[in-house]
S.K.: 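There's a structure below that I have some questions on.
These numbers come from the heavy atoms of this one structure, side chains and all, not from hydrogens, waters or symmetry mates.
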Amino acid sequence: MNFADRLIAATDEFGPLCVGLDPHAGRIPDLFGGDTPEGVEAWGLAMVEAAKGRTGVIKPQSAFYERLGWQGMRALTHILEAARDAGLVVLMDAKRGDIGSTAEGYAAAFLAENAPFPSDALTVNPYMGVDTLEPHVNAAEANGKGVIVLARTSNPGSADFQSKSLEGAPLYERIVEALAPMIDRLKGESGWSGLMLVTGATGPQEARRLRELAPDALFLVPGYGAQGAGAADAMSGFVLRGNRLSGGVVSASRSVSFPPEAQSASTLDEWRTAIAGAINAAQADLMVAATR
C-alpha cells in the first residue's frame, strides 16, 4: 500500500494526532531506568504500547537516540520494530539533506525495503537543492514510502531565510513550487501524495497558502501543544473531505509524552494512565477542530 494511503487510512480511523517519541535528556522517568539507552528503550516501547489503538502515527526524533551512541540507535531499532508490529505509521524525524551517494546512504538507512531503521517516511531538508531529494524520492517510489520536506517550519527563526523574497515570493513558496513533479510521482489511490510538507502550526496563513500551491501534498504540522499553537491553527491547511478536515497529521511530543502527571507517577500503572489520558485529550481536541 502506498504511504499516503496508509497514513490517510490511519487518520481516518483514529484522527490526525501524531505522537512524537522524543526522549529528551533528563526526562525519562526512573520507572524505566532513567536517561540511559536501556531506559530510553523501555520508555519508547511503553509509548508504542500506549499509542496503539489511540493514534495511528508516531514520529521519533533520531537526535535524541543518536546522542546515546550506538546503544541509543539499537534502542531506536527495537522501538521501530515494535511500532511496525503494532501497525503504527512511523515518520522518522531526522532532517537529512546531502548530495549524491550520501543522500542514497541516508535513504537506505531509513526507507529501503530492509532498512536498519525501518520507517514509513523520512524528513529531509531541501535547502541544498532539489537534486538532493531525488535519492529519497526514488527510494520512496520503490518501496511504498514517503518523503517529508521542510517547507515552513514552526521555530521563531524560520523567517530568517524561509520568508525571504525570491523573485517576488517567499523562499518556502518557491521550494514547494519546485516540488510539484515529485508530489505527482508519489500520489496514491487516495489522491494524496506521499511527498509531505512540514508546515508549522504557528503559521496558519502560510499553511493555507501552501495548500493552494500543493493541493495534493500531505502536511506534517509541528508546533501544536507545548509550542503554543491550538488545534484550529494546526489544521488550517487541511481540507474538508466529507464532514472532516483531512490532509495530514498534527504532531505533539512533550505534551503527550511528558505530561506532568506522567512525570510524577510513582508506578507504571499511574504512568500508563497519564499517558493514555494525554494522548486521548490531544486526539479529542484535534477531532473537535476537524469535525464539521
Side-chain angles (χ1 to χ4, degrees), residues 1-21 48 51-60 80-94 107 110-115 117-124 133-151 176 179-199 207 210-222 234-235 237-251 283 286-287 290-292:
M1 192 186 230
N2 175 279
F3 162 73
D5 299 339
R6 294 199 305 276
L7 186 137
I8 285 296
T11 61
D12 285 348
E13 181 175 0
F14 297 105
L17 177 67
C18 169
V19 172
L21 267 61
V48 166
K52 184 173 65 175
R54 296 183 174 90
T55 185
V57 188
I58 62 169
K59 182 176 71 67
L80 295 175
E81 291 170 348
R84 180 181 56 198
D85 291 343
L88 296 169
V89 176
V90 176
L91 312 182
M92 177 58 65
D93 195 356
F110 296 101
L111 300 177
E113 182 179 359
N114 297 310
F117 307 108
S119 309
D120 293 287
L122 173 70
T123 57
V124 296
L133 306 180
E134 188 64 35
H136 302 285
V137 175
N138 283 339
E141 279 187 304
N143 300 301
K145 302 296 183 71
V147 179
I148 310 168
V149 182
L150 301 182
V176 173
L179 295 174
M182 291 178 170
I183 291 172
D184 285 339
R185 285 167 58 185
L186 295 185
K187 276 188 185 178
E189 293 182 4
S190 63
W192 291 107
S193 173
L195 194 292
M196 297 186 79
L197 301 175
V198 174
T199 175
L210 290 180
R211 178 54 69 203
E212 293 175 359
L213 294 173
D216 302 322
L218 292 168
F219 285 3
L220 169 59
V221 184
M235 304 192 72
F238 288 32
V239 296
L240 194 61
R241 296 286 172 91
N243 66 344
R244 275 174 55 179
L245 294 175
S246 182
V249 292
V250 178
S251 176
Q283 191 75 277
L286 292 170
M287 285 299 290
T291 304
R292 297 293 183 267

S.K.: Is a side-chain N or O of Asp93 found less than 3.5 angstrom from the main chain of Lys59, in a donor-acceptor match?
M.R.: no
S.K.: Say whether, by atom type as modelled, one donor and one acceptor occur between the side chain of Ser119 and the main chain of Phe117 under 3.5 angstrom.
M.R.: yes
S.K.: Looking only at non-hydrogen atoms, find the nearest pair between Gly237 and Arg211 and report the distance.
M.R.: O-NE, 2.7 Å
S.K.: Taking the side chain as everything from C-beta on, heavy atoms only, tell me whether Arg6 gets closer than 4.5 Å to Lys145.
M.R.: yes
S.K.: When you look at Met182 and Val147, which way does the side chain to side chain contact (heavy atoms under 4.5 Å, CB included) test go after all the steps?
M.R.: CA-CA 10 Å; Met182 291 178 170; Val147 179; over 6 Å; no
S.K.: Is there side-chain contact between Leu7 and Asp120, with at least one heavy-atom pair below 4.5 Å?
M.R.: no
S.K.: Check whether any side-chain heavy atom of Leu179 sits under 4.5 Å from a side-chain heavy atom of Leu197, and report yes or no.
M.R.: yes
S.K.: Looking at Leu195 and Ala217, what are the two nearest heavy atoms and their distance?
M.R.: O-CB, 3.5 Å
S.K.: Looking only at heavy atoms, which two atoms of Met287 and Pro16 are closest? And how far apart?
M.R.: SD-CD, 3.8 Å
S.K.: Without placing hydrogens or testing angles, list every side-chain donor-acceptor pair under 3.5 Å for residues 240-249, not counting sequence neighbours.
M.R.:
residue: Arg244; atom: NH1; partner: Asp12; partner atom: O; Å: 3.3
residue: Arg244; atom: NH2; partner: Thr11; partner atom: O; Å: 2.8

S.K.: For Ile148 and Leu91, work out which heavy atoms get closest and say how close.
M.R.: CD1-CB, 4.0 Å
S.K.: What's the separation between atom OG in Ser190 and atom CG in Leu218, rounded to the nearest 0.5 Å?
M.R.: 7.0 Å
S.K.: Using every non-hydrogen atom in the two residues, find where Leu88 and Ile58 come nearest and quote the distance to one decimal.
M.R.: CD1-CG2, 3.9 Å
S.K.: Side-chain contact test, heavy atoms from C-beta onward, threshold under 4.5 Å: evaluate it for Phe219 versus Leu210 and give yes or no.
M.R.: yes
S.K.: Any chance you could measure Leu220, atom CG, to Leu150, atom CG, to the nearest 0.5 Å?
M.R.: 9.0 Å
S.K.: Take Arg54 and Gln283 through the test side chain to side chain contact (heavy atoms under 4.5 Å, CB included) and record every step on the way to the result.
M.R.: CA-CA 8 Å; Arg54 296 183 174 90; Gln283 191 75 277; 5.9 Å; no
S.K.: Rounded at 0.5 Å granularity, tell me how far CG in Asn143 sits from CG in Asn114.
M.R.: 9.0 Å
S.K.: Would Val250 and Phe238 count as a side chain to side chain contact (heavy atoms under 4.5 Å, CB included) here? Give the steps.
M.R.: CA-CA 10 Å; Val250 178; Phe238 288 32; 4.1 Å; yes
S.K.: Give me the atom names and distance for the closest heavy-atom approach of Val90 to Ala83.
M.R.: CG2-CB, 3.7 Å
S.K.: Checking side-chain contact (heavy atoms from CB on, under 4.5 Å) between Met92 and each of Thr123, Leu111, Leu80, which is the one that passes?
M.R.: Leu80
S.K.: As a quick check of understanding, evaluate side chain to side chain contact (heavy atoms under 4.5 Å, CB included) for Phe3 and Met196, giving each step before the final call.
M.R.: CA-CA 10 Å; Phe3 162 73; Met196 297 186 79; 3.8 Å; yes
S.K.: Does a sphere of radius 6.0 Å around CD in Glu81 hold more than 12 heavy atoms from other residues, nucleotides or ligands, not counting ones at 6.0 Å or beyond?
M.R.: yes
S.K.: To the nearest 0.5 Å, tell me how far Lys52 NZ sits from Asp85 CG.
M.R.: 9.0 Å
S.K.: Just checking, is any N or O donor in the side chain of Asp216 or Ser193 under 3.5 Å from an acceptor N or O on the other one?
M.R.: no
S.K.: Working to the nearest 0.5 Å, report the span between CG of Asn138 and CD of Glu141.
M.R.: 6.0 Å
